[in-house]
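The structure appears right after this line, and notes come after that.
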There are 2 protein chains.
Amino acid sequence: MRTAPLDIMIQEVAPRDGLQIEPKWVETGDKIRLINSLSTIGFGRIEVSSFVSPTAVPSLRDAAEVFAGIERRPGTIYTALVPNRRGAERALAARADELNFVMSASETHHRANMNMTHADSLASLAEIVKPAHEVGALVNATVATAFGCPFEGVQPFKKVLDIIKRYLDLGVDGITLADTTGMANPNQVSQLVAKTLIVLPADQLTLHFHNTRGLGLVNALSAYDTGARRFDAALGGLGGCPFAPGATGNVCTEDLVNLCHEIGLTTGLDLQRLIDLSFRLPGLVGHEVPGQVAKAGRPLDLHPIPERLRRSV
Amino acid sequence: MRTAPLDIMIQEVAPRDGLQIEPKWVETGDKIRLINSLSTIGFGRIEVSSFVSPTAVPSLRDAAEVFAGIERRPGTIYTALVPNRRGAERALAARADELNFVMSASETHHRANMNMTHADSLASLAEIVKPAHEVGALVNATVATAFGCPFEGVQPFKKVLDIIKRYLDLGVDGITLADTTGMANPNQVSQLVAKTLIVLPADQLTLHFHNTRGLGLVNALSAYDTGARRFDAALGGLGGCPFAPGATGNVCTEDLVNLCHEIGLTTGLDLQRLIDLSFRLPGLVGHEVPGQVAKAGRPLDLHPIPERLRRSV
């Protein structure tokens, strides 16, 4: 059976980037059930967890158990975030299909977030690629704060492009540009994506937007219009930013899928199944989630004509 | 003193479209203070209230008192929504600078919303224009549900364009295309705006989007890119849709202003003053409001570098 290639690939990050900031402990079994449900909906890539310090990110301290417990759908890449060599070793031991290495463009943010310098991190990445490839795992490398840093402000394109070049020199299989704290705007996105696609094919580039200032979908569409084809998103718009209490998190998967379908782009994902799954999130995390389409329904889920009008027809 | 023309005109509708659906009564004095604050921020147009049945929209039953109480900033147009001739008479008696006549593209929605047929409404409009112009008031006419109706679904472009033609034949000064229940998508917006701008100059066309499915800013940017220059928005993203409980309302003024400023468009509005005013809304309406930028701050409101990093520099 052959399937047509998708117009756009939406990658689910709620289990990692969504749950990472949640104060309420989500049981390992609930995480596994969420990921299994996401798998059956048919995502090509799911970011499962982080192999980071359990002190720094206690909400994901069960990364190994989650990887051990999930059912793996053929065709889905199960990714683990790793900050360093130790994390990579643990992720490969857990049979992650892909390591997602993260370094911030801003050295200040990187040191605040990971307690490492760029030099330390790039040395780690150099040690990670070969062992990953030896066991058949992919390595993706993320440029966090690529569109702005909450301490340093706007990051120059040249700085981001230099990091991309370093990543490619070290042999990574894919690169993510992340708007970690929702500072991007669509003009900036278009310019950086255009510059990046000169050195990287679109099927190796992921855009990761946050909706912190309401621009997540605007930026995603701008990136798509410029040629980007892979996007991270989190079911329900889970996630957040420690510098913006009360602000929304990642771009919401079902809202992005709705946008794609409304403008005629295939995603391979069933919007109603995503909405149904999104309804389960408040029960897991203990609060409402920001996604809009789950509250409003699909645009053409029409409402019955009011009784008094039907009588008078 | 001369000022440069603005790239984009953002028109504030929170006092009308925002408050209209609020269950909690907002005191007349609070409404007047809100409108006066909006005036000092410098909006070119503020939709003040509705002259509709107080039974149908009890939250705006003090429309005449609000018009009587506000301070009028020279250069700002104070608008009143009117459904019919009686409403227009009351609005003109209250010295509204502009009447905003509303009719839905969808006859089903129009009858459910206004209890009138298209023929009835257009007959009303024909009676409104002359008396308004005689006292120097403008008449704007809105096509509600221009991008979709919750009962009928998508509205054909031809139907909307025919209504625009009828409005123009009746001598209106401006036309608004409204996505009343947040069903628009950016491709559809671009197509309808392009078709409309063939028969209407951009300075007579307003786009009115709701963020019901998270696409308010996406649609606004699509309309701008196609040539639209006037946009309605509501402070804090106030407003809502009776068919989407829990969904967000109008496009949020401060979020739209932030988008404009980030991509280099002048609005004539001070974003920080909008944010400061938005903070007062939960106290007025008794609940959180959906706007994002007020929660997250302006993108370049940077955060202090963590103390432990500063020590180690």
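Note: hydrogens, waters and symmetry copies are ignored here, and every other heavy atom, side chains too, is used. Residue numbers begin at 1 in each chain, while the letters A, B, ... track the order of the sequences.
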Shortest non-hydrogen separation from B:T145 to B:S106 and the atoms involved:
OG1-N, 3.3 Å
Note: vs chain A, highest number of non-hydrogen pairs under 4.5 angstrom among B:L300, B:N258, B:V293, B:I263 is B:I263
Side chain to side chain donor-acceptor pair (under 3.5 Å), paired with B:H208, selected from B:T142, B:D179, B:D17
B:D17
Just checking, any donor-acceptor pair under 3.5 angstrom between side chains of A:T181 and A:H210?
no
Are B:I10 and B:L269 packed together at the side-chain level, in the sense that at least one heavy-atom pair is separated by less than 4.5 angstrom?
yes
At a 4.5 Å cut-off on heavy atoms, which part of A:C252 comes close to chain B: side chain, backbone, both, or neither?
neither
Using a 4.5 angstrom heavy-atom cutoff, name the option from B:D301, B:L215, B:L256 with the most pairs to chain A.
B:L215
Give me the contact list for residues 216-229 of chain B versus chain A, heavy atoms only, anything under 4.5 Å, ordered by residue number.
B:L217, B:V218, B:L221
Lys/Arg N to Asp/Glu carboxylate O, B:R273 vs B:D276, below 4.0 Å:
no
What part of A:E152 gets closer than 4.5 Å to chain B, counting heavy atoms only: side chain, backbone, both or neither?
backbone
Tightest non-hydrogen contact, residues A:R298 and A:L271, listed as CG-CD2, 3.4 Å
More than 12 heavy atoms of other groups within 6.0 Å of B:K24 NZ
yes
Do A:D232 and A:T206 have side-chain N/O donor and acceptor atoms under 3.5 Å apart?
no
If you tally heavy-atom pairs under 4.5 Å against chain B, which of A:G148, A:A294, A:P186 wins?
A:P186
